[in-house]
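The figures that follow rest on heavy atoms only: side chains count, while hydrogens, waters and symmetry mates do not.
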Amino acid sequence: GQQVMQIPQYQHVQEGEDFTTYCNSSTTLSNIQWYKQRPGGHPVFLIQLVKSGEVKKQKRLTFQFGEAKKNSSLHITATQTTDVGTYFCAGRGSGGYNKLIFGAGTRLAVHP
Amino acid sequence: DTAVSQTPKYLVTQMGNDKSIKCEQNLGHDTMYWYKQDSKKFLKIMFSYNNKELIINETVPNRFSPKSPDKAHLNLHINSLELGDSAVYFCASSRRLPGTANTGELFFGEGSRLTVL
(Lines give C-alpha, C1' and ligand atoms only; values in the text may rest on other atoms or scores of the structure.)
Protein backbone atom coordinates (compact mmCIF):
# COMPACT_ATOMS: atom_id res chain seq x y z
CA GLY A 1 0.00 0.00 0.00
CA GLN A 2 0.88 3.64 -0.21
CA GLN A 3 3.46 4.84 2.29
CA VAL A 4 4.74 8.31 3.11
CA MET A 5 8.14 8.50 4.74
CA GLN A 6 9.22 11.69 6.49
CA ILE A 7 12.66 12.65 7.76
CA PRO A 8 14.18 13.65 10.04
CA GLN A 9 12.16 12.50 13.02
CA TYR A 10 13.60 15.22 15.23
CA GLN A 11 15.50 18.41 14.57
CA HIS A 12 17.05 20.75 17.12
CA VAL A 13 18.18 24.14 15.84
CA GLN A 14 19.37 27.41 17.26
CA GLU A 15 17.06 30.32 16.69
CA GLY A 16 17.96 31.91 13.39
CA GLU A 17 19.11 28.69 11.75
CA ASP A 18 17.27 27.14 8.82
CA PHE A 19 15.25 23.93 8.97
CA THR A 20 14.09 21.45 6.34
CA THR A 21 11.87 18.38 6.53
CA TYR A 22 11.47 15.92 3.66
CA CYS A 23 8.70 13.58 2.57
CA ASN A 24 8.92 10.68 0.16
CA SER A 25 6.08 8.59 -1.15
CA SER A 26 6.26 5.05 -2.47
CA THR A 27 3.72 5.99 -5.15
CA THR A 28 2.88 9.02 -7.27
CA LEU A 29 0.72 11.49 -5.39
CA SER A 30 -2.17 13.55 -6.68
CA ASN A 31 -1.41 16.19 -4.07
CA ILE A 32 0.40 16.69 -0.81
CA GLN A 33 -0.63 18.70 2.23
CA TRP A 34 1.42 20.05 5.11
CA TYR A 35 0.24 20.49 8.68
CA LYS A 36 1.76 21.97 11.84
CA GLN A 37 0.96 20.72 15.31
CA ARG A 38 2.08 22.85 18.24
CA PRO A 39 2.94 21.03 21.48
CA GLY A 40 -0.32 20.03 23.15
CA GLY A 41 -2.31 21.22 20.15
CA HIS A 42 -3.97 19.76 17.12
CA PRO A 43 -2.73 19.61 13.53
CA VAL A 44 -3.41 22.78 11.57
CA PHE A 45 -3.38 22.90 7.78
CA LEU A 46 -0.58 24.94 6.24
CA ILE A 47 -0.72 24.37 2.51
CA GLN A 48 -1.57 22.01 -0.34
CA LEU A 49 0.62 21.37 -3.39
CA VAL A 50 -0.92 19.89 -6.51
CA LYS A 51 1.26 20.54 -9.55
CA SER A 52 4.50 18.83 -10.48
CA GLY A 53 7.47 20.99 -9.45
CA GLU A 54 5.23 23.44 -7.60
CA VAL A 55 6.84 25.85 -5.15
CA LYS A 56 4.82 27.92 -2.70
CA LYS A 57 5.94 30.37 -0.05
CA GLN A 58 4.36 31.56 3.14
CA LYS A 59 6.60 34.21 4.72
CA ARG A 60 9.64 32.24 5.94
CA LEU A 61 8.20 28.86 4.87
CA THR A 62 8.90 27.40 1.43
CA PHE A 63 7.08 24.30 0.21
CA GLN A 64 8.13 22.23 -2.80
CA PHE A 65 6.52 19.36 -4.68
CA GLY A 66 8.87 17.19 -6.70
CA GLU A 67 8.74 16.87 -10.46
CA ALA A 68 7.70 13.23 -10.18
CA LYS A 69 5.10 14.10 -7.54
CA LYS A 70 6.60 11.56 -5.17
CA ASN A 71 8.46 13.85 -2.81
CA SER A 72 8.04 17.16 -1.07
CA SER A 73 9.89 19.42 1.32
CA LEU A 74 9.22 22.20 3.76
CA HIS A 75 12.00 24.69 4.42
CA ILE A 76 11.90 27.30 7.17
CA THR A 77 14.34 30.19 6.90
CA ALA A 78 15.71 31.78 10.06
CA THR A 79 13.69 29.78 12.56
CA GLN A 80 11.97 31.47 15.47
CA THR A 81 10.76 30.01 18.75
CA THR A 82 7.22 30.25 17.42
CA ASP A 83 8.13 27.63 14.80
CA VAL A 84 8.36 24.94 17.49
CA GLY A 85 6.09 21.99 16.83
CA THR A 86 5.67 18.88 14.73
CA TYR A 87 5.37 19.26 10.97
CA PHE A 88 3.46 16.59 9.08
CA CYS A 89 3.21 15.97 5.40
CA ALA A 90 0.15 14.09 4.14
CA GLY A 91 0.02 12.62 0.67
CA ARG A 92 -2.99 11.59 -1.35
CA GLY A 93 -2.69 8.89 -4.00
CA SER A 94 -3.81 9.20 -7.59
CA GLY A 95 -7.08 7.92 -9.07
CA GLY A 96 -10.47 7.43 -7.50
CA TYR A 97 -10.96 8.08 -3.83
CA ASN A 98 -7.71 8.06 -1.92
CA LYS A 99 -7.24 8.77 1.71
CA LEU A 100 -4.58 11.10 3.02
CA ILE A 101 -1.59 9.20 4.35
CA PHE A 102 0.34 11.11 6.98
CA GLY A 103 4.09 11.00 7.36
CA ALA A 104 5.47 10.31 10.82
CA GLY A 105 6.16 14.01 11.37
CA THR A 106 9.29 16.00 12.14
CA ARG A 107 9.47 17.45 15.61
CA LEU A 108 11.24 20.81 15.58
CA ALA A 109 12.83 22.30 18.69
CA VAL A 110 14.20 25.83 18.48
CA HIS A 111 16.67 26.96 21.11
CA PRO A 112 16.81 30.72 21.81
CA ASP B 1 -17.37 29.31 17.46
CA THR B 2 -15.27 26.16 17.38
CA ALA B 3 -15.36 24.59 13.92
CA VAL B 4 -14.73 20.99 15.00
CA SER B 5 -15.45 20.23 18.61
CA GLN B 6 -14.91 16.99 20.48
CA THR B 7 -15.88 15.93 23.97
CA PRO B 8 -14.55 15.00 26.35
CA LYS B 9 -11.11 16.57 26.10
CA TYR B 10 -9.68 14.21 28.69
CA LEU B 11 -10.79 10.73 29.61
CA VAL B 12 -9.21 8.53 32.28
CA THR B 13 -10.69 5.09 32.73
CA GLN B 14 -9.98 1.55 33.79
CA MET B 15 -9.21 -1.37 31.51
CA GLY B 16 -12.31 -3.20 30.40
CA ASN B 17 -14.60 -0.18 30.53
CA ASP B 18 -16.59 1.18 27.59
CA LYS B 19 -16.32 4.84 26.63
CA SER B 20 -17.50 7.21 23.92
CA ILE B 21 -16.06 10.34 22.34
CA LYS B 22 -18.33 12.74 20.50
CA CYS B 23 -17.51 15.03 17.61
CA GLU B 24 -19.45 17.78 15.92
CA GLN B 25 -18.51 20.10 13.07
CA ASN B 26 -20.31 23.31 12.08
CA LEU B 27 -18.45 23.82 8.80
CA GLY B 28 -21.04 22.15 6.61
CA HIS B 29 -18.50 19.53 5.52
CA ASP B 30 -19.56 16.21 4.06
CA THR B 31 -16.67 14.10 5.30
CA MET B 32 -15.58 13.37 8.84
CA TYR B 33 -12.73 11.29 10.23
CA TRP B 34 -11.29 9.75 13.34
CA TYR B 35 -7.52 9.69 13.72
CA LYS B 36 -5.47 8.11 16.48
CA GLN B 37 -2.23 9.76 17.56
CA ASP B 38 0.06 7.63 19.68
CA SER B 39 2.81 8.70 22.05
CA LYS B 40 5.26 8.97 19.15
CA LYS B 41 2.95 11.49 17.46
CA PHE B 42 2.14 9.17 14.59
CA LEU B 43 -1.26 10.07 13.08
CA LYS B 44 -3.17 7.04 11.89
CA ILE B 45 -6.56 7.20 10.23
CA MET B 46 -9.18 4.94 11.76
CA PHE B 47 -12.46 5.76 10.05
CA SER B 48 -13.94 8.15 7.55
CA TYR B 49 -17.58 8.90 6.86
CA ASN B 50 -19.04 10.80 3.94
CA ASN B 51 -22.63 11.94 4.38
CA LYS B 52 -23.17 9.36 7.13
CA GLU B 53 -21.75 6.56 4.96
CA LEU B 54 -18.63 4.70 6.08
CA ILE B 55 -15.98 5.04 3.37
CA ILE B 56 -12.75 4.22 5.17
CA ASN B 57 -12.41 1.53 7.79
CA GLU B 58 -8.80 0.80 8.56
CA THR B 59 -7.60 -2.31 10.36
CA VAL B 60 -9.00 -1.20 13.67
CA PRO B 61 -10.17 -3.71 16.31
CA ASN B 62 -13.91 -4.18 16.19
CA ARG B 63 -14.04 -2.89 19.77
CA PHE B 64 -14.04 0.51 18.05
CA SER B 65 -17.38 1.41 16.54
CA PRO B 66 -18.02 4.75 14.85
CA LYS B 67 -21.49 6.14 14.44
CA SER B 68 -22.61 9.09 12.33
CA PRO B 69 -26.18 10.14 13.12
CA ASP B 70 -25.94 12.97 10.59
CA LYS B 71 -23.20 14.52 8.49
CA ALA B 72 -22.31 17.03 11.21
CA HIS B 73 -21.64 14.40 13.87
CA LEU B 74 -19.29 11.45 14.14
CA ASN B 75 -19.02 9.63 17.43
CA LEU B 76 -16.58 6.92 18.46
CA HIS B 77 -17.49 4.19 20.92
CA ILE B 78 -14.82 1.93 22.35
CA ASN B 79 -15.68 -1.32 24.13
CA SER B 80 -13.52 -3.26 26.55
CA LEU B 81 -10.75 -0.68 26.71
CA GLU B 82 -7.17 -1.90 26.71
CA LEU B 83 -3.93 -0.24 27.81
CA GLY B 84 -2.85 0.11 24.19
CA ASP B 85 -5.88 2.25 23.45
CA SER B 86 -4.29 5.11 25.39
CA ALA B 87 -3.72 7.88 22.87
CA VAL B 88 -5.06 11.17 21.64
CA TYR B 89 -8.04 10.73 19.33
CA PHE B 90 -8.63 13.48 16.81
CA CYS B 91 -11.80 14.09 14.93
CA ALA B 92 -11.50 15.96 11.64
CA SER B 93 -13.69 17.11 8.80
CA SER B 94 -13.23 18.20 5.22
CA ARG B 95 -15.32 19.22 2.25
CA ARG B 96 -15.59 17.20 -0.92
CA LEU B 97 -13.85 18.83 -3.85
CA PRO B 98 -16.29 19.55 -6.73
CA GLY B 99 -16.13 17.01 -9.51
CA THR B 100 -13.83 14.64 -7.64
CA ALA B 101 -14.04 11.84 -5.17
CA ASN B 102 -11.44 13.50 -3.03
CA THR B 103 -11.58 16.04 -0.26
CA GLY B 104 -9.67 19.18 0.64
CA GLU B 105 -7.78 20.16 3.75
CA LEU B 106 -8.61 18.58 7.06
CA PHE B 107 -9.91 20.64 9.96
CA PHE B 108 -9.03 18.92 13.21
CA GLY B 109 -10.72 19.09 16.56
CA GLU B 110 -8.64 19.76 19.67
CA GLY B 111 -8.32 16.08 20.46
CA SER B 112 -9.51 13.77 23.20
CA ARG B 113 -6.74 12.35 25.36
CA LEU B 114 -7.68 8.86 26.50
CA THR B 115 -5.73 7.24 29.33
CA VAL B 116 -6.49 3.64 30.16
CA LEU B 117 -5.21 2.47 33.55
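- A side-chain donor-acceptor contact under 3.5 Å links B/T31 and B/N50.
- Contact of A/Q9 with chain B is not made at all, since no heavy-atom distance falls under 4.5 Å.
- For B/I45, the part sitting under 4.5 Å from any heavy atom of chain A is the side chain, from C-beta outward, and nothing else.
- Comparing A/G40, A/G105, A/P43 by heavy-atom pairs within less than 4.5 Å of chain B, the highest count is held by A/P43.
- For A/F45 and A/Y35, the gap between ring centers is short of 6.0 Å.
- Surrounding CD of A/Q58 are more than 12 heavy atoms belonging to other residues, nucleotides or ligands, all under 6.0 Å away.
- In this structure, B/L114 and B/V88 have side chains that are not in contact, with every pair of non-hydrogen atoms separated by 4.5 Å or more.
- Residue B/F107 does not touch chain A at all, counting heavy-atom pairs closer than 4.5 Å.
- Within the 4.5 angstrom heavy-atom criterion, no atom of B/K44 approaches chain A.
- B/F90 and A/G41 get closest at one heavy-atom pair: CZ-O, 3.7 Å.
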